[in-house]
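Input: a single structure, listed below in structure tokens.
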Amino acid sequence: MYVGDKYDKIVELARRRGFFWPSYEVYGGVAGLYDLGPLGTLLKNRIVDKWREWFVRRHQDLVVEVETPIITPHKVLEASGHVKHFTDPIVECLKCGRRFRADQLVEERLNIKAEGMGVDEIGRIISEEGVKCPVCGGDLSNVRLFSLLFTTTIGPYSHDIGYLRPESAQGMFTSFKRVYEAFRERLPIGIAQIGKVARNEISPRQGMVRLREFTIMEVEFFFDPENPSCEVLGRCYGKLRLLTADARIKGVDKPLELEVMEALENGVIKTPWTAYWMCVARNFISDLGIPENQMYFEEKLPNEKAHYSAQTFDQLVRVSRWGWIEVSGHAYRTDYDLSMHMRYSGQDFRVFKRYEEPLTVKTQKVVINKALIGRIFKERSSNVINAISSLDVNTLRTLLTSDEEYVRVEEYLIPKNAITIQEVTEKISGKHIIPHVVEPSFGAERILFVVLDNSYSEEGDRVVLRLPRSLAPIQVAVYPLVNDEALEVRAKQIYEELVNKGLYVVYDDSGSIGRRYARADEVGVPIAVTVDYQTLEDSTVTLRDRDSRTQIRVRRDEVAIKILSFLANSLNIT
RNA sequence: GCGGCGGUCGUCUAGCCUGGUUAGGACGCCGGCCUCCCAAGCCGGAAAUCCCGGGUUCGAAUCCCGGCCGCCGCACCA
């Protein structure tokens with residue numbers, strides 16, 4: 001289908017025709033940063049729209065979309081664990097240049113606990129104990145911290161540290177209660193967000209596949225851990241291609257194909273909602289033109305998982321240059337994030353779960369006669385009351401059954417008649433739970449590259465970008481067959497009409513007709529309208545299909561409707 | 001961050017070894033002519049900080065050093 005290195009050709013095409021190129025090229029460029037050009041921006045927008053269609057619009061009874069800031073205060077990422085888990089103490093061998101986790105090195109060499117030690121302390125231990133490079137024996141550099149978080153300051157005070165978010169998820173967790181209330185306290189609920197994130201990768205390569213700044217599209221889907229079933233699982237059809245962690249450990253590298261229900265019953269996927277969103281992810285990627293045999297889900301091994309995840313699957317797609325690359329991650333984050341934010345913020349992120357039938361529970365309640373205590377103990381009364389309250393009912397009951405008139409609680413002698421134990425029946429209408437979260441998360445630019453890689457083809461000496469019609473940045477091309485005023489006028493009218501239908505259209509009258517078809521094919525324009533001399537006689541034009549290169553002649557007044565149905569895949573030109 | 005290789009019009013490249021060119025070509029692009037359907041032809045045009053900085057030299061795209069960027073391998077990739 002193509003010759004030579006496809007990746008190089010795609011990159012060359014991307015620069016030349018305006019899909020993407022390295023940012024700040026005029027200053028030498030910065031690794032991991034890319035500009036999207038005019039066509040790249042259109043294509044990315046179509047991918048983003050399609051994601052929104054699959055994950056939000058089609059689930060509008062379950063999922064809502066929000067937008068939260070990129071700049072994130074220190075406290076938020078401290079709570080989420082990113083400050084800790086994104087920052088490693090690192091030493092470098094001054095001789096061979098290899099880098100090591102300083103704390104791990106100290107633990108291995110000296111068999112002491114180094115985790116959580118400060119940089120200075122680890123550095124002191126390394127120099128005092130004479131720890132050397134474990135590979136070449138060279139001297140080690142000073143210990144420094146390396147964080148994948150981009151740091152900034154908020155406002156004029158340099159101690160107000162902020163970060164560029166490394167994922168959009170924390171914005172959804174911190175606003176969870178608001179969204180939950182605004183959406184009338186429904187569970188399950190998904191909160192979606194599309195936006196930029198930044199990760200200060202040590203050494204980004206692989207072009208659009210590993211960026212320091214990219215667009216993430218993710219859903220935090222909150223559900224009741226006591227009722228994790230997915231009521232829309234019936235919407236899933238077809239098999240998932242899965243490679244489990246167990247299989248990977250055994251050295252298996254071929255995914256198995258399982259029905260969703262099978263995968264859940266076998267325990268391969270731990271939660272129904274993860275399985276459900278994996279199905280949607282498969283459908284979404286298929287919808288971008290990626291064949292199903294070119295994708296599968298791979299379960300992460302325990303040491304590969306993020307700190308917050310109980311189970312993670314990555315969705316992999318095959319590309320020409322690098323083989324299988326990740327286009328989405330599906331993490332079961334449990335209640336990790338909400339719990340951490342509860343602890344750090346002091347706010348209550350639990351939701352009230354109403355029982356179907358209120359429970360009637362008989363309990364025993366300690367009633368303290370505070371008036372009596374007050375009269376006796378005066379200013380010490382609250383200490384006394386606290387002391388009594390800290391005892392459980394059974395202990396108190398035992399104390400009260402003694403023959404004495406007083407009971408001793410801590411250093412206080414309290415008259416028995418100040419304390420009574422009552423049987424009460426309480427009605428409990430529900431309880432508080434912390435929702436669990438499953439998270440499907442996609443990188444938009446990476447998917448953009450995957451789409452280009454998948455669509456790129458060569459026909460003889462010409463390039464045809466076989467983009468799905470619904471993704472094409474430019475949807476229609478309009479041409480006069482030759483340079484002739486009469487033809488140009490007609491063609492321009494058609495151009496105007498199609499623009500007014502909401503389409504992205506290109507008009508081109510430069511060069512031979514073959515050259516213009518080739519120009520359009522190269523950027524994936526799916527259909528072309530050509531005005532020729534016959535148009536002047538009988539008001540018909542030709543429509544040409546990019547992929548089959550065949551043409552049909554249609555009436556001038558049917559052009560727009562035919563093109564719209566062609567773009568909607570309900571008309572084919574063969 | 002380490003090692004290897006590379007960086008010349010928009011793109012692909014010649015030139016570099018052996019220092020002195022108006023830095024050449026092709027494709028693409030723009031304008032004109034021609035052309036009744038798949039990168040035809042003819043004429044003209046615009047287009048290169050030779051990646052950046054420093055050094056050697058009368059003179060550097062070319063030699064040397066440092067940096068940046070890219071690819072590959074290692075390390076890293078929540």
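Order of the sequence lines sets the chain letters (A, B, ...), proteins ahead of strands, with each chain counted from 1.
Relative to the side chain of Y517(A), the nucleotides C37(B), C72(B), C77(B) differ in distance, and C37(B) lies closest. Closest approach to the R549(A) side chain among C38(B), C69(B), G10(B) is made by C38(B) (side chain taken as heavy atoms from C-beta onward). Between C38(B), U11(B), C71(B), one nucleotide has an atom nearer to the side chain of Y7(A) than all others, and that is C71(B). Closest approach to the R210(A) side chain among C76(B), G28(B), C72(B) is made by C76(B) (side chain taken as heavy atoms from C-beta onward). Residue R515(A) places its side chain closer to A39(B) than to any other of C72(B), C37(B), A39(B).
Applying the salt bridge (charged side-chain N to carboxylate O under 4.0 Å, His left out) definition to pairs two or more places apart or across chains, those involving residues 435-445 of chain A are K44(A)-E445(A), R333(A)-E439(A). Pairs passing the ring-ring contact (aromatic ring centres under 6.0 Å, His included) check and including a residue from residues 521-544 of chain A, sequence neighbours excluded, do not occur.
Remark: the E201(A) side chain and the C77(B) base include no donor-acceptor N/O pair separated by less than 3.5 Å. With hydrogens and angles ignored, no donor-acceptor pair under 3.5 angstrom links the side chain of R516(A) to the base of C38(B). In the interface, the side chain of R544(A) is not paired with the base of C37(B) through any donor and acceptor atom under 3.5 Å apart.
Atoms NZ (K9(A)) and P (U13(B)) sit 12 Å apart, rounded to a whole Å.
Donor-acceptor pairing under 3.5 Å is lacking for the side chains of D246(A) and T244(A).
Considering only residues two or more places apart in sequence or on other chains, E488(A) meets the side-chain contact (heavy atoms from CB on, under 4.5 Å) condition with P480(A), N483(A), Y507(A), D509(A). Residues meeting the salt bridge (charged side-chain N to carboxylate O under 4.0 Å, His left out) test with R469(A), sequence neighbours left out: none.
No engagement by R17(A) is indicated, since no non-hydrogen atom pair under 4.0 Å with the nucleic acid exists. At the heavy-atom level, E522(A) lies under 4.0 Å from base atoms of the strands shown. If you check every strand for non-hydrogen atoms under 4.0 Å, G32(A) touches sugar and phosphate atoms only.
Place V541(A) and E12(A) on RNA chain B by their nearest nucleotides, and E12(A) ends up nearer the 5' end. Each of G514(A) and Y27(A) has a nearest nucleotide on RNA chain B; the 5'-most of these lies closest to G514(A).
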Please output the side-chain donor-acceptor pairs of residues 323-331 of chain A that fall under 3.5 Å, not counting sequence neighbours, one pair per line with the distance.
residue	atom	partner	partner atom	Å
S328(A)	OG	Q315(A)	OE1	2.8
S328(A)	OG	H330(A)	NE2	2.8

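W21(A) has no side-chain polar atom (N or O) that falls below the 4.0 Å cut-off from OP1 or OP2 of G10(B).
Taking the C1' atoms as reference points, C38(B) lies 50 Å from G53(B), given to the whole Å.
A salt bridge is defined here as a Lys NZ or Arg NE, NH1 or NH2 lying under 4.0 Å from an Asp or Glu carboxylate O, and D453(A) with R318(A) fails to meet this definition.
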Atom pairs under 3.5 Å: protein N/O with N/O of nucleotides 30-36 of chain B:
residue	atom	partner	partner atom	Å
U35(B)	O4	N483(A)	N	3.0

